[in-house]
Amino acid sequence: MDEVIVVGGGVSGLTTAVLLAERGKDVRVWSRDPDRETASGISGGLCWPYRIEPQEKALEWAVRSFRHFAWLSEQPRQTGVRLVRGRLEGAASGTVPPEWLSLIGSPPRTPIADMQAYLPYLRGRLAAAGGRCEERSAASLAEAAAEAPVVVNCTGLGARELAGDSGMRPVRGQLVVVENPGIEEWYLSSEEGAAETTYVLPQPYGLLLGGTADDGAEDTTPDPAVTRAVVERCARVHPGIAGARILDVRVGLRPYRPRVRLEAETLPGGALCVHNYGHGGAGVTVSWGCALEAVRLLDAEGLG
Ligand SMILES: Cc1cc2nc3c(=O)[nH]c(=O)nc-3n(C[C@H](O)[C@H](O)[C@H](O)COP(=O)(O)OP(=O)(O)OC[C@H]3O[C@@H](n4cnc5c(N)ncnc54)[C@H](O)[C@@H]3O)c2cc1C
C-alpha cells in the first residue's frame with residue numbers, strides 16, 4: 001500500500017508530490033489528462049500573483065515559491081525555468097502589491113517557467129525521489145483512499161466533481177504563440193478585474209502573447225477574433241509582433257475559487273485528505289509555497 005496518493009498531475013500535484021517524496025514518503029500521482037489539456041500545461045509560466053485569493057496568503061506563497069524558482073533558474077536547461085528581465089505597466093494604479101515589487105526589483109526580474117519543460121522536470125525529480133506517476137482518473141476521493149491512508153487532492157477544476165465543490169469556476173484564457181521577432185524581455189500590463197491583460201513572454205518555443213480572462217466561460221475552442229485582438233494589443237507595445245507568424249493558439253481554464261482550498265479533512269472510512277486546489281491565475285507562481293503548506297498540514301496530523 002502506498003503512503004500517499006496525490007490525485008492531480010498538474011503543477012500543484014507534482015510539486016506537492018516532489019516535496020513528500022523527497023521527505024521519504026512513498027508517493028503515487030494519479031492524473032487524468034495529458035499536460036496540454038491541463039491549466040498547468042497551457043500556463044504562461046510567469047511568476048506573478050494574478051487572479052488568486054486571498055491576496056495576502058497568495059503573496060506569502062508566491063514569495064516562498066519565488067525563492068525556489070530563482071534557485072531552479074540557475075540550471076535553466078535542466079529545469080525549464082529562467083530568471084527574465086521585464087517591463088511592467090499598471091503598477092502605477094496600485095494593483096501590484098509593494099512587497100512583490102520590492103522582491104522582483106527594479107528593473108523587474110522574475111522567473112518564467114517553460115511548462116513544456118518544467119512539468120517533465122518535476123516528474124523526473126519525483127521519480128528520482130522514488131515517486132511514480134500514473135494516467136488514471138479517480139471517480140471519487142474514496143477510490144484513492146481505498147489504496148492509501150493519505151490522499152492529496154490537487155485536481156484543480158476537477159474538484160467540482162471530485163470534492164463536490166460548487167465554489168470552483170473556470171476563468172478562460174486564450175494565448176497566442178508567435179515566432180519571436182527578437183524580444184528578450186517580458187512585458188505585462190494589467191488592471192485589477194479587467195478581462196483583458198496584455199503580456200508578452202519570451203519562451204524557448206516562441207513568443208507567448210496574452211491574454212484574456214473570461215469568468216465562467218468553459219469553451220476551449222480558440223476564438224479567431226480574440227487571437228487578432230491579442231496580437232494587435234501586443235503589437236502596440238512591440239510593432240515587430242504585427243507580422244510575426246502565428247505558431248499556436250492555446251485556450252485553458254484557470255481553476256478559480258474565491259479562496260484557495262488548502263485544508264485537511266478526514267474522509268469517511270478514516271483516510272486523511274489534504275486539499276490543495278483553486279489557484280486561479282497563479283498556480284505556478286504559488287506552487288512551492290502551497291505545496292509546503294500542504295506538507296505542514298500533514299505534519300500537523302503526524303503524517304508529513
Ligand atoms: C491561459 C492561462 C495562462 C496562465 N498563465 C499563468 C502564469 O503565467 N503564471 C501562473 O502562475 N499561472 C498561470 N495560469 C494559472 C495556472 O495555469 C493554474 O493556476 C495552475 O496550472 C493550476 O494547477 P493545478 O495543478 O492546480 O491544476 P491543473 O493544471 O488543472 O491540474 C489538475 C490535474 O488534476 C487532474 N484531474 C482532475 N480531475 C481528476 C480526476 N477525477 N482524477 C484524476 N486526475 C484528475 C488533471 O488531469 C490534472 O492533471 C494560467 C492559466 C491559464 C489558463
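No experiment lies behind these values; they were computed from the predicted model shown. Counting starts at 1 for both ligands and their atoms, following the listed order. Counting from 1, the numbers follow the sequence of the chain as shown.
- Of all atoms in ligand 1, listed by their number and element, those nearer than 4.0 Å to a heavy atom of L46 are 7 (C), 8 (O), 9 (N), 10 (C), 11 (O).
- Among H275, R261, R257, the single residue meeting the side chain to side chain donor-acceptor pair (under 3.5 Å) criterion with D165 is R257.
- Under 3.5 Å, the side chains of S31 and E134 contain no donor-acceptor pair of N or O atoms.
- Not a single donor-acceptor pair under 3.5 Å links the side chain of T38 to the backbone N or O of G10.
- Taking OG of S189 as the start and CG of L88 as the end, the distance is 8.0 Å to the nearest 0.5 Å.
- For the residue pair V274 and A294, the shortest heavy atom distance occurs at CG1-CB, 3.9 Å.
- For atom 35 (C) of ligand 1, the closest non-hydrogen atom on the protein side is G8 CA, 3.7 Å.
- Looking at ligand 1, you won't find any N or O of L162 less than 3.5 Å from one of its N or O atoms.
- Note on ligand 1: L157 sits outside its first shell, no heavy atom being nearer than 4.0 Å.
- Contacts with ligand 1 closer than 4.0 Å are made by no heavy atom of V286, backbone or side chain.
- To the nearest 0.5 Å, atoms CD (E147) and CD (E143) are separated by 7.0 Å.
- A donor and an acceptor atom, one from each side chain of Y256 and E53, are nowhere located under 3.5 Å apart.
- Under 4.0 Å from ligand 1, the heavy atoms of P255 that appear belong solely to its side chain.
- For atom 29 (O) of ligand 1, the nearest protein heavy atom (residue, atom name, distance) is S40 OG, 2.5 Å.
- Closest heavy-atom approach to atom 25 (O) of ligand 1 within the set S12, A113, G9: this belongs to S12.
- In the vicinity of G252, heavy-atom distances shorter than 4.0 Å reach the ligand 1 atoms 53 (C).
- The single protein non-hydrogen atom nearest to atom 11 (O) of ligand 1 is T285 OG1, 2.7 Å, given as residue, atom name and distance.
- Under the 4.5 Å side-chain criterion, counting only non-hydrogen atoms from C-beta, L262 is in contact with W61.
- Considering backbone and side-chain atoms alike, D33 places an N or O below 3.5 Å from some N or O of ligand 1.
- Considering backbone and side-chain N/O of G158, none are found under 3.5 Å from N/O of ligand 1.
- For atom 52 (C) of ligand 1, the nearest non-hydrogen atom of the protein is R254 CG, 3.7 Å.
- Ligand 1 places these atoms under 4.0 Å from at least one heavy atom of G173: 1 (C).
- The protein non-hydrogen atom at the shortest distance from atom 12 (N) of ligand 1 is G281 O, 3.1 Å.
- With Q203 contributing its side chain and L208 its backbone, the two residues share no donor-acceptor pair below 3.5 Å.
- Listed by atom number, the atoms of ligand 1 under 4.0 Å from A39 heavy atoms are 17 (O), 21 (O), 29 (O), 30 (O).
- Considering each of A138, A282, G45, the one bringing a non-hydrogen atom nearest atom 41 (N) of ligand 1 is A138.
- Of the listed residues (L20, L19, V295), just one forms a side-chain contact (heavy atoms from CB on, under 4.5 Å) with K25, and that residue is L20.
- Annotation: atom 36 (N) of ligand 1 to nearest protein heavy atom, T155 CG2, 3.9 Å.
- Within the 4.0 Å heavy-atom cutoff, R136 counts among the residues contacting ligand 1.
- At least one donor-acceptor pair under 3.5 Å links the side chain of T285 to the backbone N or O of L46.
- Remark: of the listed residues S12, S43, P111, S43 is the sole one forming a side-chain contact (heavy atoms from CB on, under 4.5 Å) with V284.
- Applying the 4.0 Å criterion to heavy atoms of L175 picks out, from ligand 1, the atoms 1 (C).
- Checking P34, G44, A139 against atom 5 (N) of ligand 1, the nearest heavy atom belongs to G44.
- Remark: of the listed residues R87, R82, R85, R85 is the sole one forming a salt bridge (Lys or Arg N to Asp or Glu O under 4.0 Å) with E185.
- Scanning all protein heavy atoms for the shortest distance to atom 45 (C) of ligand 1 gives R32 CB, 3.6 Å.
- Annotation: atom 19 (O) of ligand 1 to nearest protein heavy atom, G280 O, 2.7 Å.
- Proximity of N276 to ligand 1, defined as any heavy-atom pair under 4.0 Å, is not found for any part of the residue.
- Of all atoms in ligand 1, numbered sequentially from 1 with element shown, those under 4.0 Å from a heavy atom of C154 are 32 (C), 33 (C), 34 (O).
- Between H68 and W288, the two ring planes are tilted [angle within 30° to 60°].
- Between the side chains of Q75 and R77, no donor-acceptor pair of N or O atoms lies under 3.5 Å.
- Looking at W48 next to ligand 1, no N or O pair under 3.5 Å apart turns up.
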